[in-house]
Amino acid sequence: MTEMLSYDFMQRALIAAVLVGITAPAVGIYLVQRRQALMGDGMGHVAMTGVGLGFIFQTSPVWMAVAVCVLGAVTMELVRARGNQRGDIALAMLFYGGMACGKLLVSKSAQAGAGSLESYLWGSILTVSPADLATIGALGAVVVAVTLGLRRQLFAICQDEDFARVTGVPVRLLNLLLAVMAAVTVTVAMRVVGLLLVSALMVVPVAAAQQLTRSFAATQAGSIAVGVLVALAGVTGSYQLDVPSGPAIVLLAIVVFAVFGAIAAPLARRRHRDTPESGPQVCDVRLPGPERVDLPGPERVDATTPAPSAGLAQ
């Protein structure tokens, strides 16, 4: 461990892993609540176009991916909210169009090569530069601030958009904001776990935490804790075993999900056994006939329920 921490690139890798481990579940919990768990995959495919544009114009692929992902997220949300096409069709178009366009752009760029594209598809955390780390930190801070600061409003639109709209919540604006935050998270995490696996880090920690928690706040805190844990363990394990960090992080997250699932059922049974019995709930209603209703206090009221007439027998 001491030897690993003596390298600057490993220090940057661990910091980037912590930032992504916090950011991805913080957004992912809302996507899981809205049953849009695959939205991260769609954004990851769209980000390929941004990476290709970065190669073509010889600029930062990360920032180009941010711009393209945000545009794609806004387009998808507008199509889902206003258009006649269903949201899954819009998501499919982002999947295939983004990936195809990105591959074509990368193939025509001067930096084309299997290695350069591989690092964005599967992640290359050991090559994170100080500039990349600053970008990940800045974007991650914005995402965490929005997802935690607007937790009540975002939870409301995820549970029931109609009810949230009636209560005065700006549903359309928050939907767009959530889509943009998801797009930013994808670009933040692509150097750590890769564009093809980024959705897993947004969804699996949330699914794992849901098995042991009983409230939204606890699930959010638990999913972030799981995300940080698997990110750190995955980077450390990848260094020790000389394996790619992205797949290692995702596989560890799946292992945590399986472990939590194994202990969730016994824990639920124990909670049920420890819950004090409140006694049977009896509804003592006598129809027809006179009935005495005892009110608290000195007053008594005699209530007589008339028998139903023959015309109301049904």
Side-chain angles (χ1 to χ4, degrees), residues 1-28 40 43-44 47-48 50-51 54 59-67 69-70 115-148 181-206 223-254 256:
M1 181 65 69
T2 304
E3 178 186 358
M4 182 182 69
L5 293 176
S6 64
Y7 298 109
D8 292 340
F9 66 90
M10 283 305 304
Q11 295 174 10
R12 292 193 295 269
L14 290 172
I15 295 173
V18 170
L19 294 174
V20 172
I22 295 172
T23 305
V27 172
M43 294 297 98
M48 273 291 297
V51 172
T59 185
S60 172
V62 175
W63 284 108
M64 289 298 293
V66 169
C69 264
V70 167
S116 58
L117 184 59
E118 189 89 358
S119 65
Y120 290 96
L121 289 177
W122 300 103
S124 182
I125 195 171
L126 299 183
T127 62
V128 173
S129 65
D132 291 334
L133 188 60
T135 300
I136 292 173
L139 295 177
V142 173
V143 172
V144 172
V146 170
T147 53
L148 295 184
M181 292 300 101
V184 172
T185 302
V186 167
T187 56
V188 165
M190 70 179 181
R191 297 304 304 271
V192 177
V193 294
L195 295 174
L196 297 181
L197 297 176
V198 63
S199 184
L201 199 57
M202 299 170 71
V203 173
V204 179
V206 177
S223 62
I224 291 175
V226 171
V228 172
L229 175 65
V230 298
L232 287 175
V235 173
T236 303
S238 67
Y239 175 81
Q240 300 293 338
L241 301 176
D242 193 23
V243 295
S245 59
I249 292 172
V250 172
L251 287 177
L252 281 175
I254 295 175
V256 172

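The structure presented is a predicted model; accordingly, all values stated were derived computationally and were not measured.
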What distance do Ser238 atom OG and Leu252 atom CG have between them, rounded to the nearest 0.5 Å? 9.5 Å

Between the main-chain N or O of Val20 and the side-chain N or O of Thr23, is there a donor-acceptor pair closer than 3.5 Å? no

Identify all side-chain donor-acceptor contacts of residues 132-140 below 3.5 Å with residues at least two apart in sequence or on another chain.
from   : atom 1 : to     : atom 2 : distance (Å)
Asp132 : OD2    : Ser129 : N      : 3.4
Asp132 : OD2    : Ser129 : OG     : 3.1
Asp132 : OD2    : Arg191 : NH1    : 3.1
Thr135 : OG1    : Ala131 : O      : 3.0

Apply side-chain contact (heavy atoms from CB on, under 4.5 Å) to the pair Val188 and Val143, showing each step before the final yes or no. CA-CA 10 Å; Val188 165; Val143 172; 5.5 Å; no

What salt bridge (Lys or Arg N to Asp or Glu O under 4.0 Å) pairs are there with at least one residue in residues 12-28, not counting sequence neighbours? none

Got a sec, which pairs hit salt bridge (Lys or Arg N to Asp or Glu O under 4.0 Å) with one end in residues 233-249, sequence neighbours left out? none

Roughly how far, to the nearest 0.5 Å, is CE of Met64 from OG1 of Thr187? 12.5 Å

Evaluate the side-chain proximity of Thr236 to Leu14: yes if any heavy-atom separation is below 4.5 Å, no if none is. yes

Correct closest heavy-atom pair for Pro205 and Ala200 would be CD-O, 3.5 Å

I want to check something: taking the side chain as every heavy atom from C-beta on, are Val192 and Ser245 in contact at a cut-off of under 4.5 Å? no

For Ala231 and Ala17, the nearest pair of non-hydrogen atoms, with its separation, is CB-O, 3.3 Å

Indicate yes or no: at least one non-hydrogen side-chain atom of Leu196 is less than 4.5 angstrom from one of Trp122. yes

Compare every heavy atom of Val198 with every heavy atom of Val193, then report the nearest pair and how far apart it is. CG2-CA, 3.7 Å

Say you draw a straight line from CE of Met181 to OG1 of Thr147; how long is it, rounded to the nearest 0.5 Å? 8.5 Å

Could you report the tightest heavy-atom contact between Ala13 and Val235, atom names first, then the distance? CB-CG1, 4.2 Å

Nearest 0.5 angstrom please: Ile249 CD1 to Leu232 CG, how far? 8.5 Å

Given side chains that start at C-beta, do those of Val142 and Val184 come closer than 4.5 Å, heavy atoms only? no

Smallest separation among heavy atoms of Cys69 and Met43, with atom names: SG-O, 3.2 Å

Contact summary for Ala65 and Ala47, nearest pair of heavy atoms: CB-O, 4.0 Å

